[in-house]
Number of protein chains: 2
Amino acid sequence: MNFSVFDHQMMAKAIKLAEKGRFTTHPNPNVGCVITQGETIVGHGYHIRAGGPHAEVHALAMAGEQAKSATAYVTLEPCSHYGRTPPCAKGLIEAGVARVICAMQDPNPSVSGNGIAMLKEAGIEVQVGLLEADAERINRPFLKKMRTGMPWVQLKMAASLDGKTALENGNSQWITSALARADVQGYRAQAGAILSTSKTVIDDNASLNVRLDELAEDVRVHYPAGEVRQPLRVILDRRQRLTSDLRLFATSGEILVVSEQEKQDGSIDSAVELPQLLANLASQHNINHIWVEAGATLAASFIEQGLVDELIVYLAPKIMGSDAQSLINLTGLTEMDQAIALNIEQLTQVGPDIKLVATFKSSK
Amino acid sequence: MNFSVFDHQMMAKAIKLAEKGRFTTHPNPNVGCVITQGETIVGHGYHIRAGGPHAEVHALAMAGEQAKSATAYVTLEPCSHYGRTPPCAKGLIEAGVARVICAMQDPNPSVSGNGIAMLKEAGIEVQVGLLEADAERINRPFLKKMRTGMPWVQLKMAASLDGKTALENGNSQWITSALARADVQGYRAQAGAILSTSKTVIDDNASLNVRLDELAEDVRVHYPAGEVRQPLRVILDRRQRLTSDLRLFATSGEILVVSEQEKQDGSIDSAVELPQLLANLASQHNINHIWVEAGATLAASFIEQGLVDELIVYLAPKIMGSDAQSLINLTGLTEMDQAIALNIEQLTQVGPDIKLVATFKSSK
C-alpha cells in the first residue's frame with residue numbers, strides 16, 4: 001500500500017481526535033474521522049459517547065456539500081449495521097465520498113469487513129492499514145473483547161520502594177501521593193468497570209468512584225463537564241461482609257456485588273472463579289475494560305491465572321521494612337527463572353512517586 | 001559578583017574536564033582548569049591521578065608564554081602547600097596570570113583560603129563562587145571528608161519489583177541484567193573503597209573488584225587503558241569465615257578484613273561499630289568515598305544509623321513472591337510517618353531494569 005506523508009498526517013489527526021472520547025465512549029470503541037478535499041480539511045469529528053453519533057456523522061455534517069469526491073480518514077472500519085445509529089458506510093456513500101482510508105478493519109462480527117465491502121460496492125476506493133498499530137493501541141479493551149470475548153484487564157498496585165503495601169499492623173494510608181491518586185482517577189474514568197474486594201472497600205471505606213474534582217487538569221479538559229460516567233463497580237464479597245452504611249453505597253453509579261457460598265476447603269481463589277467472572281462481565285454487562293484495585297491476595301490470583309493485560313505500579317519513595325505486608329501474596333518459587341517476568345513499557349515520575357506501566361513477558 | 005556568559009562557559013568547561021578524572025584521582029579531588037586570553041582558550045587541563053600534576057600545572061604548561069595577563073578558571077581553590085607537587089597558587093603567580101576565578105574555596109584545612117590569599121597578595125584579581133553548586137557536586141566525597149572527617153557513602157541495592165533480593169531458598173543469581181551490573185562496575189571504579197560482608201563474598205564467591213572489560217563503553221573511554229585503580233576492599237567478617245580459596249583473594253588489589261570477637265549478646269550491629277569503622281577508613285586509609293554492596297542486614301544497619309549519603313537502587317522487572325527475602329531487614333514500624341522517606345534524584349532505565357538514585361529526607 002502506498003500512503004503519502006499527508007495521508008499519515010491526516011490519520012494521525014484522526015487518531016488524536018478518537019482519543020478525546022476515551023472517557024465517555026465505553027463500551028464503544030474510540031473512533032476519529034477527518035475528511036479532506038485536496039490538502040484541505042473540510043470536516044472532522046470523533047465518537048463522543050455511546051448512543052451518540054459516530055465519528056463519521058460528525059465529520060460529514062461539518063463537511064456538508066464538500067464531502068462530495070472527498071477523502072475520508074477513519075481510525076476504524078465504518079460500521080455497516082443499524083445499531084443505535086444508521087450505518088456509517090451508508091452515510092459516506094450518500095455523501096459522495098470518493099476514497100476512504102481506514103486504519104484497521106473492525107473485528108466486531110457484525111461489521112468485520114462488511115463496511116469495507118459496502119463502500120467498495122458503491123465504487124469508493126478503500127484502503128486499509130494506515131497507522132494500524134496506533135489505531136490498535138487506542139482501542140485495546142474493545143478489540144480484545146471483540147476478538148476473545150474477554151475484557152482487557154489493568155491491575156493497579158501501589159507500594160513502597162521495598163514492595164510493601166501496609167505496615168505489619170495494617171497501617172497504610174497514604175503510601176502514594178495525592179498526585180498518584182489523581183492519576184488513578186484518570187484510569188478509573190476510562191474503565192468500564194472497577195473491580196475490588198469487600199476487604200478493600202471496608203478497610204479503606206473506599207467509594208471506588210470517579211471524582212471529577214480529583215482528576216488531573218489535563219484529563220478534566222477532555223471530560224464533558226458535569227457528565228461523569230461512573231464505571232460499574234464490581235465488588236467481590238465472598239463472605240457477604242458489605243454493609244449498607246459503607247461510603248460505597250452513598251455514591252452514585254451501579255454496583256455489582258459478587259458473593260458466593262464459601263467452599264468447604266475454605267479456599268479464596270476458587271471461591272470466585274475469576275475467568276468466569278470476567279467472561280460474564282464482558283458478555284452480560286458489556287464490559288471491555290476492567291480496572292482492578294485490590295489487595296495482595298486478589299492481585300496474586302489475577303497474575304497467577306494470567307488474567308492481567310497491563311500492570312500499573314506506583315512506588316512511593318519510602319522504606320516500610322521487612323515485616324510490612326507484601327505487594328503480592330505469591331509463594332513457592334524455588335528457581336529464579338520461575339519469577340514472573342515483566343516488560344517495562346513506561347517509566348515516569350508522578351509527583352514524588354515512581355510510576356511504571358508493565359506487561360507480562362508470557363502474557364496470555 | 002558579576003560573571004559574564006563567557007565566564008560561565010569557561011567554568012562549565014573546567015568542570016567537565018575535572019570530571020574526566022573521576023576514576024583515577026581518589027583520594028584527591030577532581031579539578032579542572034581553563035586559561036583564556038581575551039575570548040580564546042590558550043590552556044586547559046585536569047588532575048588525572050593522585051601523585052600526578054594538578055590541573056593548573058597541565059593548563060599552564062599548555063598556555064606557556066600566553067599565560068601572561070591571562071584569566072584562569074579553576075574548579076577548586078588552587079593549593080597553597082607543598083604536597084607531592086609544588087603549590088599551584090605559586091605556579092599561577094609565576095606565570096603572570098592576571099585574574100583567577102575559582103568555583104569554590106577548598107575546605108582542605110591546609111589550603112582553605114590560603115591559596116586565594118597568596119594570589120591576592122601577588123596582585124592577582126581573584127573571584128570565588130562561579131558554578132559553585134556544580135563544583136560541589138563533582139567532589140561530594142572529598143568535600144564531605146574534609147568537612148566532617150567521615151567518608152561519603154553510597155549504598156547499592158538490587159531487588160525485584162516487589163522488593164525481594166532472593167527466593168525463600170536463597171536462590172538469587174541474577175536478579176538484575178548484565179547492563180545493570182556494568183553500571184555497578186562504573187560506581188565501583190569511582191569509589192575509594194568497596195565495603196561488603198563475608199556472607200556476600202562467600203555466598204556469591206564475589207571478587208568485588210573493578211573489571212575493565214565489564215565497564216560500560218562510555219566509562220571505559222575515560223579510563224586510562226591498562227591502569228585500573230582497584231579500590232580498597234573492606235570485608236566485614238565478624239565470625240572469621242573467610243577462607244583463602246575464595247575468588248576475592250585471587251584478584252589484585254588491597255583487602256582489609258574487619259573481624260571482631262562476637263559479643264556476648266550475639267548481636268550483629270554492635271559487633272562492628274559502623275560509624276567508628278567509617279571514621280577509621282577516612283582517617284587511617286584516606287578513604288573519601290565508600291561504595292557499599294551488602295545484604296539486607298548490613299543495608300538496614302547503614303540506613304538506620306543514618307550513614308548513607310546516596311542510595312543506588314536497581315529494580316528488575318520481576319515478581320519474586322511474598323515468601324522471598326526482603327531488600328532491607330528493618331522491622332518494628334507502627335506508624336506510616338515512621339517509614340524511611342527518600343527523595344528520588346534520578347530515575348532511568350538501565351537495559352530492562354529500573355535504576356533510581358535517591359537521598360534520605362532526614363539525611364544526616
Side-chain angles (χ1 to χ4, degrees), chain A residues 157 159-175 296-297 299-300 303-304 311 313 315-349 352-356 358-361, chain B residues 157 159-175 296-297 299-300 303 311 313 315-349 351-356 358-361:
Chain A
M157 300 198 288
S160 62
L161 198 59
D162 55 342
K164 305 299 183 179
T165 59
L167 296 178
E168 197 193 9
N169 62 13
N171 274 346
S172 70
Q173 283 187 323
W174 299 98
I175 292 177
T297 304
I303 291 172
E304 285 183 305
L311 209 56
V313 184
L315 295 177
K318 292 174 187 170
I319 295 170
M320 288 170 62
S322 44
D323 58 354
Q325 297 172 21
S326 284
L327 184 58
I328 300 170
N329 279 347
L330 184 75
T331 57
L333 272 57
T334 55
E335 298 297 331
M336 277 302 292
D337 60 10
Q338 298 171 330
I340 293 168
L342 305 168
N343 290 311
I344 306 292
E345 309 284 348
Q346 282 176 40
L347 179 67
T348 49
Q349 274 185 270
D353 300 320
I354 297 167
K355 174 188 172 184
L356 56 97
T359 53
F360 291 85
K361 278 216 167 144
Chain B
M157 299 199 289
S160 61
L161 197 58
D162 55 341
K164 305 299 182 178
T165 59
L167 296 178
E168 197 194 8
N169 62 14
N171 274 347
S172 69
Q173 283 187 323
W174 298 97
I175 291 178
T297 304
I303 291 172
L311 207 57
V313 184
L315 294 178
K318 290 174 188 169
I319 295 170
M320 288 170 63
S322 44
D323 57 354
Q325 297 173 20
S326 285
L327 184 59
I328 300 169
N329 280 347
L330 184 75
T331 57
L333 272 56
T334 55
E335 299 297 330
M336 277 301 294
D337 62 9
Q338 297 171 332
I340 293 168
L342 306 168
N343 290 311
I344 307 292
E345 308 285 348
Q346 281 177 40
L347 179 67
T348 49
Q349 275 187 268
D353 300 320
I354 298 166
K355 174 188 172 183
L356 55 98
T359 53
F360 292 84
K361 278 214 164 145

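Chain identifiers are assigned alphabetically (A, B, ...) following the order of the sequence lines, protein sequences preceding nucleic acid strands; residue numbering begins at 1 within each chain.
- Although no hydrogens or angles enter the test, the distance criterion places no donor-acceptor pair under 3.5 Å between the side chain of N329(B) and the main chain of S322(A).
- Note on D162(A), L167(A), L161(A): by heavy-atom pairs under 4.5 Å with chain B, the leading option is L167(A).
- At a 4.5 Å heavy-atom cutoff, the contact between E335(B) and chain A is made by backbone and side-chain atoms alike.
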Can I get a per-line list of side-chain donor-acceptor pairs under 3.5 Å for residues 339-348 of chain A, giving both atom names and the distance, sequence neighbours left out?
residue	atom	partner	partner atom	Å
E345(A)	OE2	T359(A)	OG1	2.6

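- Residues satisfying the side chain to side chain donor-acceptor pair (under 3.5 Å) test with Q349(A), not counting sequence neighbours, are none.
- Note that the CG atom of L356(B) and the CG atom of L315(A) stand 8.5 Å from one another [nearest 0.5 Å].
- Heavy atoms of N169(A) lying under 4.5 Å from chain B belong exclusively to its side chain.
- When D353(B), I175(B), I328(B) are compared by the number of non-hydrogen pairs under 4.5 Å with chain A, I328(B) comes out ahead.
- Rounding to the nearest 0.5 angstrom, the gap separating the CE atom in M336(A) from the OG atom in S160(B) is 7.5 Å.
- Chosen from G321(B), A300(B), G163(B), P317(B), the residue pairing most often with chain A at heavy-atom distances under 4.5 Å is P317(B).
- Contact of L327(B) with chain A is made through the side chain alone, with heavy-atom distances under 4.5 Å.
- Within the model, atoms CG of N171(A) and CD of Q338(B) stand 9.0 Å from one another, a figure rounded to the nearest 0.5 Å.
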